[in-house]
> 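The structure is given below, and queries will be raised subsequently.
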Amino acid sequence: MTTKTNCITAAAGVVDLVGQTPLLRLHKVTVGLNEGVEVWAKLEGYNPGGSVKDRPALNMIRCGIESGALTREKTLIDATSGNTGVAYAMIGTALGYDVCLCVPSNVTPERFKILNAFGAELILTDPGTGSDGAIIKAREMVAADPDRYFYPNQYDNDANWQAHYNTTGVEIWEQTSGRVTHFVAGIGTSGTMMGTGRRLREYNPDVVLISGQPDSPFHGLEGWKHMQTAIVPAIYDPALCDQNLEMNTEDAYAMAMRLAREEGLMVSPSSGAACHAALQIASQIEAGCVVTIFPDDAYKYLTEGFWTE
Ligand code: PMP
């Protein structure tokens, strides 16, 4: 299952390294499951920008260039809780486009430094208003000067979920040789679930799709959205999923720690939550191949207290 992570990879630019991430079988945290049950995690931290968001960011930029909406004179602007911003900033630098990001001011110091290193302009918004406050700010800036900006708007842009339809879903199908029975993913913009889920259902209409959401509006699952209280992304179709699981932050932190201690994997809180949800599903079935997404690794979250508690 090794893909681009070996030494035979040759790439003309960092954008060529997006996608083709490894799919890893979890062996330790799965102890106690029925013998016929497998749990696999797609390690999106292996993308060059360090997260799953490299895929939609690259596709939205490519579609913008192709449609003529993104030209050299324009600045790419968007609201992002972090990973999409890193992806825009990295890809913008690599392809030669200016990037401006509206980000809640409580963004982790690591992320702030990464965005700054890639040369993005940062507009800091009130942390009390969360990612929605950043969205409102980006909309205001675009409305005030529409000709200056290219606004991909990841929450409403079909190129977001289509990136996963064209890559993540295909990779999972191929990496499992078509054996995947359940797909579990947390919902932020919902692009990962909408695109990957639709593709897997096309391959096999019986694939079960399970979304994960935080169990309260105030949570530590960075990248996930509490849909009941948030601005609902236009690309989100709740009818696609068979089931939705509400995950709590403490369980996610505990699972992230277990993944480090037991599997040797340093992954983010939202990966811990996805793993917890996948194991919950896996514990309810007799046999099957459960696949989930680990959206990014742990290195941007090391200031979180739970690593040392
Ligand atoms: N986890 C993390 C860490 C993320 O950055 C994101 C993206 N917001 C997600 C999960 C959810 O992915 P999506 O936006 O595709 O629903």
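Everything numeric here is computed off the predicted structure, so don't read it as measured data. In what follows, every heavy atom counts, from backbone to side chain, and hydrogens, waters and symmetry copies are set aside. In each ligand, atom 1 is the first atom listed, and ligand 1 is the first ligand listed.
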> Would one find more than 12 heavy atoms of other residues, nucleotides or ligands at under 6.0 Å from atom CD of Q228?
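Count over threshold, so yes.
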
> What atoms of ligand 1 come within less than 4.0 Å of a heavy atom belonging to E222?
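Contacts of ligand 1 toward E222, numbered from 1: 1 (N), 2 (C), 3 (C).
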
> With a 6.0 Å cut-off (strictly less than), is the heavy-atom count around OH of Y203, excluding the residue itself, greater than 12?
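Counting other residues, nucleotides and ligands, OH of Y203 exceeds 12 neighbours.
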
> Checking Y151 against D78: is there a side-chain donor and acceptor pair closer than 3.5 Å?
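Judged by distance alone, the side chains do not pair up.
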
> Examine ligand 1 and decide if any of its atoms is less than 4.0 Å from a heavy atom belonging to S190.
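S190 counts as a contact of ligand 1 under the 4.0 Å cut-off.
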
> Could you tell me whether some N/O pair between H164 and ligand 1 is separated by less than 3.5 angstrom?
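No, no N or O pair falls under 3.5 Å.
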
> Report yes if G223 has an N/O atom closer than 3.5 Å to an N/O atom of ligand 1; otherwise report no.
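G223 vs ligand 1: N/O contact under 3.5 Å present.
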
> Would you mind running through ligand 1 and noting each atom that sits below 4.0 Å from a heavy atom of T192?
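Contacts of ligand 1 toward T192, numbered from 1: 12 (O), 13 (P), 15 (O).
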
> So, is N83 polar-close to ligand 1, with some N/O to N/O distance under 3.5 Å?
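For ligand 1, there is an N or O atom that lies under 3.5 Å from one belonging to N83.
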
> In terms of atom number and element, which parts of ligand 1 are under 4.0 angstrom from non-hydrogen atoms of S270?
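What qualifies from ligand 1 is 1 (N), 2 (C), 3 (C), 10 (C).
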
> Provide the number and element of each atom of ligand 1 under 4.0 Å from a heavy atom of W224.
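Listed by number with element: 10 (C).
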
> Does the pair D132/K225 count as a salt bridge with the N-to-O cut at 4.0 Å?
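Salt bridge flag = yes for K225 with D132.
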
> Answer yes if the side chains of K42 and T21 hold a donor-acceptor pair under 3.5 Å, and no otherwise.
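Note: K42 and T21 side chains meet the donor-acceptor criterion.
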
> Looking at Y301, which atoms of ligand 1 are within less than 4.0 Å of one of its heavy atoms?
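In order of number, 3 (C).
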
> Ignoring hydrogens and angles, state whether a donor on the side chain of N157 or N160 is under 3.5 Å from an acceptor on the partner side chain.
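The criterion, which ignores hydrogens and geometry beyond distance, is not satisfied for N160 and N157.
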
> Quick one: which of I187, T196, T189 has a heavy atom closest to atom 14 (O) of ligand 1?
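Going through I187, T196, T189 one by one, T189 has the nearest heavy atom to atom 14 (O) of ligand 1.
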
> If I apply the N/O under 3.5 Å rule, does P295 come out as touching ligand 1?
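For ligand 1, there is no N or O atom that lies under 3.5 Å from one belonging to P295.
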
> Please determine if D296 has a nitrogen or oxygen closer than 3.5 Å to a nitrogen or oxygen of ligand 1.
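Not met; the criterion fails.
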
> Tell me the salt bridge (Lys or Arg N to Asp or Glu O under 4.0 Å) pairs involving residues 48-60, sequence neighbours left out?
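Every pair satisfying salt bridge (Lys or Arg N to Asp or Glu O under 4.0 Å) with a residue in residues 48-60: E44-R55, R55-E171.
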
> Considering residues at least two apart in sequence or located in another chain, which fulfil the salt bridge (charged side-chain N to carboxylate O under 4.0 Å, His left out) criterion with R179?
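E38.
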
> Please work out whether any backbone atom (N, CA, C, O) or any side-chain heavy atom from C-beta onward of M193 is under 4.0 Å from ligand 1, and answer side chain, backbone, both or neither.
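M193 to ligand 1: no contact under 4.0 Å from either part.
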
> Does Y165 have R198 sitting over its ring (NZ/CZ under 6.0 Å from centre, angle to axis within 45°)?
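No - R198 does not lie over the ring of Y165 by the 6.0 Å and 45° rule.
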
